[in-house]
2 protein chains.
Amino acid sequence: MDFAPPKYAQVMRTIQDRIESGEYAPGDMLPSETQLVRELGVGRTTVVRALQTLAMQGWIEREHGRGSFVKGRPQSAADRVRPSLTTAEHGESPDAVLEAGRVPAPRHIARLLGVAEKTPVVVRKRLARQADVISAVETVWVPLEHALGTDLDKPEPLRRGIRQHLQAVKHLRFDHITERINARPPTEEEAELLGSSGPLLGVLATVHDPAGNALMVISLALPGSLHELEDVFKVS
Amino acid sequence: MDFAPPKYAQVMRTIQDRIESGEYAPGDMLPSETQLVRELGVGRTTVVRALQTLAMQGWIEREHGRGSFVKGRPQSAADRVRPSLTTAEHGESPDAVLEAGRVPAPRHIARLLGVAEKTPVVVRKRLARQADVISAVETVWVPLEHALGTDLDKPEPLRRGIRQHLQAVKHLRFDHITERINARPPTEEEAELLGSSGPLLGVLATVHDPAGNALMVISLALPGSLHELEDVFKVS
DNA sequence: ACTCTCAACTTATTCGGACAAGTGGACGAG
DNA sequence: CTCGTCCACTTGTCCGAATAAGTTGAGAGT
């Protein structure tokens, strides 16, 4: 029952490990395909496949007639902090949950969920803390069809987090998230909860399943003085 | 002198075109590899390479033993509006430039540029407009070593934009941008220029060349009431 | 009706061979 | 010294063959 990865994947792993260990430094030229064939004992097509995939992923750069050159561990969008995903995945502490139950969907939430305004939906509101300082107000809205049978409308904390809970109870899978960010003043309620009336980073995110349906909307109020979102992107 | 793309790229193009035209709809099963070999008159390895690449790019999903299935045009991080890159690429209108010259680098800018505080740098400040409404204050900071010989420190508008100007005059290439976003109140100057004192989306971006050096820092003041940044990301 | 087997179909991987095309350096001729 | 040619090296593309492995449906047997 031994699982051996495909050879091309092993070649990729070998090269990635050498890049990360510093054996191959950014700017260095890799051994040629012919050398790798001999060293690793595989066919040339296998080596080429590994190298092409590494190039597509951004680890290396291949130049026709010259060789393959190390770029380094690629910058990845996945490296960016995604506040809405963090909210969905974070386990809840015993005193975090402020509100859990059914409410009529406000217009902007209904639109994102693809339901009619005032349709009953489940809402779950909680406070996030960092070092005992209240750092954010997080609100999650879930259509009834997805919330029925779960504990989302109950005030008991979900220790494993909302995403895991939905996966375990209803086999719901997250595929992609559409996130919108703006700057706004806090509502009166938010200012009271946060103990501050300075500008907020407002995050409104829609979580979609693989078929594109909206599973939930996550709304975050992040005090501008406590939060900064960082992103790195390539320019072609 | 006719340029024919490689066959695997032509196969990719054919399939992408059929997906975008709706001939292959999301969820549909593609013709099998063997059928594509016959239809397109190429070798199986060529078809496989095209399909594998489309799968890696997110256009299709391949299931062992079952077939290849259409997902659709992939959501791409490149689809997200990048305000700092837009600033660098946008041509300047005749009355946009507010300030152009040399100043000592403030501490937070010096740090991002990797120079000592108060080192002379070139600053270029301008107003962005949408439908004749002032929509943003944009400030660009460039180390002298990169600005010398350019027109960045002159008030005449750069019609082709800053990025193209630096590429043409100094052969500087953009590789990646680190972008930080927060929410803050405007400075007095910003409030006056923008005609509003509501919360701002503050964007601070560092543009890097392929070797990782900082080419410039772009600072944007975007009124929260006029701007919303949207992003779509995959969740695994 | 249900279950199991097999055949036809599908993708996954690997290999080797061949030709095309680009790079860089060495060597020889002018 | 300069320039052109050639050679050794490099990656780029394409093909066919083979084996492995997964899926599905039809047919036969219980």
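Nothing here was measured: the structure is a model prediction, and the numbers come from that model.
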Step through the shown structure and confirm whether more than 12 heavy atoms of other residues, nucleotides or ligands are within 6.0 Å of CZ on B:Arg180.
-> yes
Quiz item: B:His64 side-chain donor-acceptor pair to C:dA12 base, under 3.5 Å = no
Pair up each side-chain donor or acceptor in residues 139-150 of chain A with any protein partner under 3.5 Å, not counting sequence neighbours, and list the distances.
unit_1: A:Thr150; atom_1: OG1; unit_2: A:Ala147; atom_2: O; d: 2.6
unit_1: A:Thr150; atom_1: OG1; unit_2: A:Leu152; atom_2: N; d: 3.2

Protein-nucleotide distance (B:Leu40, atom CG; D:dC14, atom C1'), rounded to Å = 15 Å
Greater than 12 external heavy atoms within 6.0 Å of A:Arg18's CZ = yes
Taking salt bridge (charged side-chain N to carboxylate O under 4.0 Å, His left out) as the test, write out the residues that go with B:Asp209, two or more places apart.
-> none
From the options C:dT10, C:dT23, D:dT13, select the nucleotide whose nearest atom is closest to the side chain of B:Pro6.
-> D:dT13
Rounded off to whole Å, could you give me the CD-to-P distance for the A:Glu33 and D:dG12 pair?
-> 7 Å
Check: protein-nucleotides 4-9 of chain D nitrogen or oxygen pairs below 3.5 Å:
none

In whole angstroms, the gap separating P of D:dT13 from CD of B:Gln10 amounts to 12 Å
Please tabulate, for side-chain N and O atoms in residues 43-55 of chain A, each donor-acceptor pair with protein atoms closer than 3.5 Å (sequence neighbours left out).
unit_1: A:Arg44; atom_1: NE; unit_2: A:Glu33; atom_2: OE1; d: 2.7
unit_1: A:Arg44; atom_1: NH2; unit_2: A:Glu33; atom_2: OE1; d: 2.9
unit_1: A:Thr53; atom_1: OG1; unit_2: A:Arg49; atom_2: O; d: 2.8

How many Å lie between NZ on B:Lys7 and C1' on C:dC19, as a whole number?
-> 13 Å
Got a sec? Which of residues 44-62 of chain A come in under 4.0 Å of DNA chain C, heavy atoms?
-> A:Arg44, A:Thr45, A:Thr46, A:Arg49
Mind calculating the distance between CG (B:Leu36) and P (C:dT10) to the nearest angstrom?
-> 10 Å
For B:Glu20, enumerate each residue passing the salt bridge (charged side-chain N to carboxylate O under 4.0 Å, His left out) test, keeping only those at least two apart in sequence or located in another chain.
-> B:Arg73
Taking only N and O in the side chain of B:Tyr8, is any of them less than 4.0 Å away from OP1 or OP2 of D:dC14?
-> no
Out of B:Met216, B:Lys154, B:Arg102, which one pairs with B:Val122 under the side chain to side chain contact (heavy atoms under 4.5 Å, CB included) rule?
-> B:Arg102
Within 45° of the axis and under 6.0 Å from the centre of the six-membered ring of B:Phe69, does NZ or CZ of B:Arg62 qualify?
-> no
Working to the nearest 0.5 Å, report the span between CG of A:Leu30 and CG of A:Leu36.
-> 7.0 Å
